[in-house]
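Owing to the predicted nature of the structure, the values given are computational and were not obtained by experimental measurement. Just so it is clear: chains get the letters A, B, ... in the order the sequence lines come, proteins before strands, and each one is counted from 1.
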Number of protein chains: 2
Amino acid sequence: MTPHARQEVILRHLRRAGSATLQEIALSTGASRRTTLRDIGSLREQGFLIHGDSGRGGGLRLDPTSMTLTARLSVTEVFALLIAVASLRAAGTLPFGSLADTGLSKIERALAPEQVRDFRSLLDCLHVGQLSPLQDLKSVGQIDPDLLASFERAFLSRCRMRFCYTDRRGETSAREVEPQALLVLPPLWYLVAWDPSRDGFRHFRTDRIAAPVAVNDLPFRRRRVPFEKDICPYAELERRARPA
Amino acid sequence: MTPHARQEVILRHLRRAGSATLQEIALSTGASRRTTLRDIGSLREQGFLIHGDSGRGGGLRLDPTSMTLTARLSVTEVFALLIAVASLRAAGTLPFGSLADTGLSKIERALAPEQVRDFRSLLDCLHVGQLSPLQDLKSVGQIDPDLLASFERAFLSRCRMRFCYTDRRGETSAREVEPQALLVLPPLWYLVAWDPSRDGFRHFRTDRIAAPVAVNDLPFRRRRVPFEKDICPYAELERRARPA
DNA sequence: AAAAAGGTGCCACAGTTTGGCACTATTCAT
DNA sequence: ATGAATAGTGCCAAACTGTGGCACCTTTTT
């Protein structure tokens, strides 16, 4: 058994049992007393608060705040969770306040330094509005399952995104744009992108996007996205829905 | 540099560059060609899809679906994220469908077998309703930041929970109950618990709970929580708010 | 055919982990 | 007081593992 696996076993054992003696733990990992003690030391160095009680009836206890799970999530999944939390916070329907914040900052703390930059820029490109459920929007389609992943890849590596778009009038065209932001106005999501062929910003309703792919060729620069009402064609909708 | 750290560097490098030759990667980690190749092998064993192209102009590519971040989250944070995702799914305001599902199953896949049981039972005890924002509920307070952690500890280790509760009439009393479920009716959360001193189920509005702690002494058995309207005093509210 | 790339097997050396031992400090029961 | 049970430390030799170099194979492009 590798040291890392052994340490996971120790954490699980401590979490489950609440308190355990060194002997018990050593038995559960199959390692010697000495090695177990070294493992405990290593875990403490990693920031786990493990309290030791000497003497008869003593043992080791894992501080409740140190009980963690290690999750390996794809970037897209973290992104999706991020949107979930941000939406809830924006909607204000759940008393999430501090919870959501600790969640985000903890995720950030768990990432490698290089990943934090990506995380931040994804967070920055995400705009969540407060559109309540609208009665006059019956025809909300399914979002292409590849959309988030494509957007995130294109956005992070600053390469163009290509897809088929069906506009309001039902006309379909092939687009190749520079993705700049994601606008969430529940229940609709919009991709905000610079369209080079039209030399201007465009909003694309994500449920009208088909077959999105990130194109690796052409790197582009980020632009300041104007979120003024005259740029966002749906700001009016949002204003209408918001309780004055 | 430890093997694990080196492998992280390799993943970052591949994720960033899209494609890289063995030489480039070896240079970035400082290890030899042979060791790098061994690291790649190890990553593949861990489930990362790394594609290799022989020949001139070839190189190694990390499959986009394998781009992961490792996050170490406390159980409570995973629980909070879980509630966030479940709420969104229940509300149906976001076209989250498949996304939310993959998110949950991926979290589950990332957990150790023993942890999956806890994850499942937390998922099972979570009931999310569809209460829309109510105009007549102005006085929603803040939820005690320790509440989720205390509930989760008490629920998982089947021990009682103690707190101060201020009821509808403003009267405060000390309670000691067996937590059975968490009922989320946005924007309100309710703790559903068996109250031994009253020999029945009680619903506690979480924003009226103060100083929650898990009491380690008395283990109890889980009960089937009746979610019929005559048990839940707020079902009426929910019915009223739901669009008929 | 040659060059450039990934991939495998082998081996000796270097470095790390491991278990045992002796030891100290603390706590509790008798 | 004494002894037993517990956490914790220092040290060392043996066992194990990771590492880098080498020769060699396969595939692809020029």
Side-chain angles (χ1 to χ4, degrees), chain A residues 1-67 70 216-217, chain B residues 1-67 70 216-217:
Chain A
M1 178 141 47
T2 163
H4 186 264
R6 229 166 35 217
Q7 289 171 19
E8 290 292 326
V9 171
I10 294 177
L11 284 178
R12 277 210 293 276
H13 190 116
L14 280 178
R15 195 179 139 220
R16 199 151 286 273
S19 171
T21 71
L22 208 48
Q23 262 197 348
E24 289 166 1
I25 296 174
L27 210 70
S28 76
T29 64
S32 70
R33 192 188 104 98
R34 188 67 188 82
T35 300
T36 305
L37 208 36
R38 262 191 286 248
D39 286 335
I40 301 281
S42 163
L43 286 171
R44 280 172 175 153
E45 271 180 10
Q46 288 168 51
F48 290 94
L49 298 172
I50 298 174
H51 186 76
D53 286 310
S54 291
R56 206 174 259 203
L60 294 159
R61 278 183 300 110
L62 176 62
D63 189 287
T65 63
S66 295
M67 294 178 180
T70 309
N216 264 325
D217 317 327
Chain B
M1 179 139 49
T2 163
H4 186 265
R6 229 168 33 220
Q7 290 172 18
E8 290 291 326
V9 171
I10 294 177
L11 284 178
R12 277 209 293 278
H13 190 113
L14 280 177
R15 198 180 136 218
R16 200 153 286 272
S19 170
T21 70
L22 208 48
Q23 264 196 349
E24 290 167 0
I25 297 174
L27 210 70
S28 77
T29 63
S32 70
R33 191 188 106 98
R34 188 69 189 80
T35 301
T36 305
L37 208 38
R38 263 191 283 247
D39 285 336
I40 300 282
S42 164
L43 285 170
R44 279 174 175 153
E45 272 182 9
Q46 288 168 52
F48 291 93
L49 298 172
I50 298 175
H51 185 76
D53 284 310
S54 291
R56 213 174 254 203
L60 295 158
R61 279 184 299 109
L62 177 60
D63 188 288
T65 61
S66 295
M67 295 181 180
T70 309
N216 263 324
D217 316 328

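The structure places CZ of A/Arg6 at 10.0 Å from CG of A/Leu43, a figure rounded to the nearest 0.5 Å. Between atom CG of residue B/Leu14 and atom CG of residue B/Leu62 there is a gap of 5.5 Å, rounded to the nearest 0.5 Å. Separation of atoms CZ (B/Arg38) and CZ (B/Arg34) is listed at 4.5 Å; rounding is to 0.5 Å. The CD1 atom of A/Ile40 sits 5.0 Å away from atom CG of A/Leu60, with the distance rounded to the nearest 0.5 Å. Rounding to the nearest 0.5 Å places CG of B/Leu27 at 9.5 Å from OG1 of B/Thr36.
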Dump the pairs, protein N or O against N or O of nucleotides 12-15 of chain C, anything under 3.5 Å, distances to one decimal.
none

Taking only N/O atoms, report every protein-nucleotides 26-30 of chain C pair under 3.5 Å with atom names and distance.
from: C/dT26; atom 1: O2; to: A/Gly55; atom 2: N; distance (Å): 3.4
from: C/dT27; atom 1: O2; to: A/Arg56; atom 2: N; distance (Å): 3.4

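With axes fitted over five pairs at each extremity, the angle between the ends of the helix from C/dA1-D/dT30 to C/dT30-D/dA1 is 30° (10° resolution).
When side chains are defined from C-beta on, B/Ser42 counts as touching B/Gln46, because their heavy atoms get closer than 4.5 Å.
At a threshold of 4.0 angstrom between heavy atoms, the contacts of B/Arg61 with the nucleic acid are absent. At the heavy-atom level, B/Gly59 lies under 4.0 Å from the strands shown only through sugar-phosphate atoms. As judged by a 4.0 angstrom heavy-atom cut-off over every strand, A/Leu60 is placed among residues touching the sugar-phosphate backbone only.
Remark: C1' of C/dT18 and CG of A/Asp39 are 10 Å apart, rounded to the nearest angstrom. Regarding A/Met1, its CE atom lies at a distance of 16 Å from the P atom of C/dT17, rounded to whole Å. Spacing between atom CZ of B/Arg38 and atom C1' of C/dC11 amounts to 11 Å, rounded to whole angstrom units.
Between B/Thr2 and A/Ile50, the residue anchored closer to the 5' end of DNA chain D is A/Ile50, taking for each the nucleotide with the nearest heavy atom.
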Cut-off 3.5 Å, no hydrogens considered: what does the side-chain donor-acceptor table look like for residues 18-26 of chain A, sequence neighbours left out?
from: A/Thr21; atom 1: OG1; to: A/Glu24; atom 2: N; distance (Å): 3.3
from: A/Glu24; atom 1: OE1; to: A/Thr21; atom 2: N; distance (Å): 3.1

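For the side chain to side chain contact (heavy atoms under 4.5 Å, CB included) test, residues two or more places apart in sequence or in another chain that qualify with B/Ala5 are B/Met1, B/Thr2. Taking the side chain to side chain donor-acceptor pair (under 3.5 Å) definition, one finds that A/Ser28 meets it with A/His13, sequence neighbours left out. Under the rule for a side chain to side chain contact (heavy atoms under 4.5 Å, CB included), A/Ser54 has no partner lying at least two apart in sequence or in another chain. Not counting sequence neighbours, A/Thr29 has no partner by the side chain to side chain donor-acceptor pair (under 3.5 Å) test.
For residues 48-58 of chain B, the salt bridge (charged side-chain N to carboxylate O under 4.0 Å, His left out) pairs, not counting sequence neighbours, are B/Asp53-B/Arg61. Applying the salt bridge (charged side-chain N to carboxylate O under 4.0 Å, His left out) test to every pair with at least one member in residues 40-50 of chain A, sequence neighbours left out, gives no pairs at all.
For the contact set between residues 23-37 of chain A and DNA chain D, defined by any heavy atom under 4.0 Å, the members are A/Arg33, A/Arg34, A/Leu37.
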> What do the steps show when you test A/His4 against B/His4 for side-chain contact (heavy atoms from CB on, under 4.5 Å), and what is the final call?
Replying inline: CA-CA 10 Å; A/His4 186 264; B/His4 186 265; 6.0 Å; no
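Contact footprint of chain B on DNA chain D: nucleotides with an atom under 4.0 Å from a non-hydrogen protein atom, first to last in 5' to 3' order, D/dT19 to D/dT30.
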